[in-house]
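Below: one structure, written as structure tokens.
Just so you know, these numbers use all the heavy atoms, side chains as well, and skip hydrogens, waters and symmetry mates. Lettering follows sequence order; numbering is per chain, from 1. From a predicted model like this one, the values you see are computed outputs, not experimental measurements.
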Amino acid sequence: KLGKALHGALQKLARAPHVDEETVRELVRDLQRALLQADVNVQLVLDLTRRLEERLRKESPPPGMSRREHAVKLVYEELSGLLGKPSSFELKKGAPTVVLMVGLQGSGKTTSVAKLAYHFRKRGLRVGVVCADTFRAGAYEQLSQLGQRAGVEVWGEPGADDPVALARRGVEELGRRCDLVLVDSAGRHKEEKGLMEEMRRMAEAIGPDEVMLVVDGTLGQQARDQAEAFRKVTPLGSILVTKLDGTAKGGGALSAVAATGAPIKFIGTGEHLEDLEPFSPPRFMARLLG
Amino acid sequence: IELSPSDLEDILWDLQVSLLESDVAVPVADELINRVKNKLTGRKLGLREDPKKVAEAVLEEAMREILEAGEKVDLLQVVKAKNERNEPAVLVFFGINGTGKTTTIAKLAKYLQERGLRVVLAASDTFRAGGIEQLEVHARRLGVELVKQRQGADAAAVAYDAISHAKARGFQVVLVDTAGRMQTDRDLMDEMRKIVRVTRPDLRIFVGDALTGNDAVEQARTFNQEVGIDGSILCKMDADARGGAALSITYVTGKPILFLGVGQGYEDLVEFKPELILKPLLE
Ligand SMILES: Nc1nc2c(ncn2[C@@H]2O[C@H](COP(=O)(O)OP(=O)(O)OP(=O)(O)O)[C@@H](O)[C@H]2O)c(=O)[nH]1
Ligand SMILES: Nc1nc2c(ncn2[C@@H]2O[C@H](COP(=O)(O)OP(=O)(O)OP(=O)(O)O)[C@@H](O)[C@H]2O)c(=O)[nH]1
Ligand SMILES: [Mg+2]
Ligand SMILES: [Mg+2]
């Protein structure tokens with residue numbers, strides 16, 4: 001179940017005649033390299049490996065557990081610590097659940113809105129999506145085509161120039177006949193102060209039950225600061241990591257979780273509506289470690 | 001005085017951390033630190049010289065070497081040379097999903113128009129929802145000609161169509177927009193090769209996201225191996241990106257960065273200069 005890189009490092013530990021300072025240091029170095037190549041935040045990696053090295057040195061394995069098994073256990077504990085408590089997506093009872101999707105440009109929000117809509121529609125819910133991206137060329141056409149394919153109602157106002165008012169109207173209208181309303185918003189980053197403020201006003205106007213941060217699986221070291229900036233503007237309920245069907249390991253997403261406390265609930269594994277999976281920590285970790 | 005090996009190790013470690021924090025991929029950072037180590041080992045320092053400052057200067061030099069290693073590519077020169085043979089220059093843009101290809105093409109169309117060149121856009125993203133419509137909106141706003149077919153049409157055929165149209169009507173440049181694709185997708189990489197085979201472009205341009213981490217190496221290397229990269233464009237530098245991806249991509253492809261995308265507007269495209277990366281990277 002462990003990633004190749006970590007597996008290799010632990011093999012070295014297992015083959016070592018005795019577990020000494022040097023073996024521990026080597027294991028920690030290999031783990032460090034694996035995590036850095038997976039795009040986990042540098043400071044996070046250094047803190048984690050420092051803690052791990054200390055624990056490996058101080059803590060002795062419980063009776064019946066080999067040195068190697070103990071090392072694996074500690075590594076897993078430290079890494080799972082980064083992921084926080086597992087948490088699944090909850091629907092509200094008795095009133096429509098409203099989810100606002102936010103994130104950096106090109107992270108996969110629009111596609112993910114459609115995937116989520118499809119996912120919940122297949123489970124028998126009445127789902128509606130709101131295109132509150134009034135900036136991007138062809139945004140309404142994109143969501144409208146995807147929504148049609150997903151079999152859900154799409155609210156959009158091509159030509160409208162106030163995304164906040166549009167979002168409020170869309171949520172109000174679709175809320176009358178949907179169990180779940182997903183709101184797609186324009187891409188934005190922390191330097192675009194006007195857009196960050198717009199996001200704050202949009203969340204305030206529609207009062208979402210969940211604000212979901214869409215994180216590109218290829219995102220590097222900026223993940224932490226960007227996620228933090230989003231969280232400062234509006235509390236984040238969850239994270240959705242996209243493009244994990246490529247070669248990226250998703251360490252940026254991990255850093256985003258660590259920075260915001262928002263759990264990862266779904267991952268995107270392709271461009272089609274079916275390419276959505278509920279988050280599985282062990283699978284994510286295995287991929288992260290090589 | 002000469003730096004002790006342990007002092008050197010400490011300095012190199014700090015530099016390595018700042019490279020990694022700036023999104024320089026792990027193997028590229030290793031290579032850079034090795035070059036700095038080789039240049040500093042045994043080097044005598046003046047009594048007034050701050051070893052840290054000296055190391056940073058050596059690192060900047062090493063980074064500049066990588067950024068300038070590739071042959072120079074002057075896009076306008078490439079266009080001019082092709083036009084002198086009475087043919088439109090063909091530029092094909094590719095990269096993974098969402099990096100900024102379509103927006104970059106719109107920006108480049110404006111850039112070329114401002115220099116008196118007549119441009120045709122080829123809507124060869126025939127797959128993604130709204131792919132054609134997105135480019136259509138940009139074309140209309142900029143007053144640029146667009147050649148398109150319906151969604152699901154053959155991407156290479158649309159590009160070929162656009163080139164024929166350009167030749168017939170005397171347009172000077174054809175910009176070919178393609179669908180985002182993971183470099184690990186066999187079929188999509190086959191399709192990309194087909195597009196290149198059919199269009200015989202003057203420039204095969206890789207478009208990357210400046211916020212990408214270590215995956216930049218994977219993307220650049222595979223696209224270069226499978227399709228061939230003549231130059232790259234890195235978008236979203238305005239998102240406080242440190243620009244390490246520029247080093248990773250240049251190191252792996254040996255080809256230069258041509259432009260940086262610095263925003264979502266048509267004006268937000270700047271010609272690449274090493275200073276633009278070296279400044280934020282060493283911050
Ligand atoms: N391979 C792959 N592609 C994805 C995934 N999720 C989204 N994409 C693609 O990534 C690109 C960007 O997706 P969008 O949904 O347009 O991204 P966005 O966040 O809405 O972009 P903006 O609205 O411009 O900020 C598109 O080509 C999508 O098809 C995924 O999980 N895997
Ligand atoms: N801030 C910023 N955003 C950018 C930049 N370049 C592109 N974008 C945004 O990034 C998002 C994706 O851009 P696209 O041009 O659709 O990307 P693409 O590579 O064509 O995407 P696919 O065709 O789906 O693979 C859009 O919201 C763009 O406005 C840039 O330099 N800075
Ligand atoms: Mg979108
Ligand atoms: Mg595109």
When you compare the side chain of [Y] with that of [X], does any pair of heavy atoms fall below 4.5 Å?
{"X": "A/Gln142", "Y": "B/Glu133", "result": "no"}
{"X": "A/Glu192", "Y": "B/Asp238", "result": "yes"}
{"X": "B/Asp240", "Y": "A/His189", "result": "no"}
{"X": "B/Arg242", "Y": "A/Gln221", "result": "no"}

Below 4.5 Å from any heavy atom of chain B, which atoms of [X] appear? Answer side chain, backbone, both or neither.
{"X": "A/Arg149", "result": "side chain"}
{"X": "A/Gln148", "result": "neither"}
{"X": "A/Glu271", "result": "side chain"}
{"X": "A/Leu104", "result": "side chain"}
{"X": "A/Asp245", "result": "both"}

Inter-residue atom distance [X].[atom1] - [Y].[atom2], 0.5 Å rounding:
{"X": "A/Thr218", "Y": "B/Asn97", "atom1": "OG1", "atom2": "CG", "value": "9.5 Å"}
{"X": "A/Glu191", "Y": "B/Met237", "atom1": "CD", "atom2": "CE", "value": "11.5 Å"}
{"X": "A/Arg136", "Y": "B/Thr102", "atom1": "CZ", "atom2": "OG1", "value": "7.5 Å"}
{"X": "B/Glu218", "Y": "A/Lys249", "atom1": "CD", "atom2": "NZ", "value": "7.0 Å"}

Handout entry: Chi angles and distances behind the side chain to side chain contact (heavy atoms under 4.5 Å, CB included) call for A/Arg33, B/Asp30
Key = CA-CA 11 Å; A/Arg33 192 179 179 76; B/Asp30 284 345; 2.8 Å; yes
Please classify the contact between [X] and chain A as side chain, backbone, both or neither, with a heavy-atom cut-off of under 4.5 Å.
{"X": "B/Ala239", "answer": "both"}
{"X": "B/Ile132", "answer": "neither"}
{"X": "B/Thr184", "answer": "side chain"}
{"X": "B/Gln264", "answer": "both"}

Practice task
Just give me the residue among B/Asp209, B/Asp23, B/Leu20 that pairs up with chain A most often, heavy atom to heavy atom, under 4.5 Å.
Solution key: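 Most pairs with chain A among the choices: B/Asp23.
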Exercise for the section: Select, from B/Ala106, B/Gly98, B/Gly100, B/Ala129, the one with the greatest count of heavy-atom pairs under 4.5 Å involving chain A. Expected result: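 Among B/Ala106, B/Gly98, B/Gly100, B/Ala129, the one with the most close pairs to chain A is B/Ala129.
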Closest heavy-atom pair and its distance - [X], [Y]:
{"X": "B/Lys236", "Y": "A/Gly106", "answer": "NZ-CA, 4.1 Å"}
{"X": "B/Asp215", "Y": "A/Asp39", "answer": "N-OD2, 4.3 Å"}
{"X": "A/Leu46", "Y": "B/Val17", "answer": "CD1-CG2, 4.3 Å"}

Practice task
Would you mind telling me which of A/Gln222, A/Lys243, A/Gln226, A/Lys190 has the largest number of heavy-atom pairs within less than 4.5 Å of chain B?
Solution key: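 Heavy-atom pairs under 4.5 Å are most numerous for A/Gln222.
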Problem - For chain B, the option from A/Ala114, A/Gly187, A/Gly252, A/Gly246 that forms the most heavy-atom pairs under 4.5 Å - result: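 Top option by heavy-atom pairs under 4.5 Å: A/Gly246.
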Problem - Distance-only side-chain donor-acceptor flag, B/Glu21 / A/Gln43, under 3.5 Å - result: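 A donor-acceptor contact under 3.5 Å links the two side chains.
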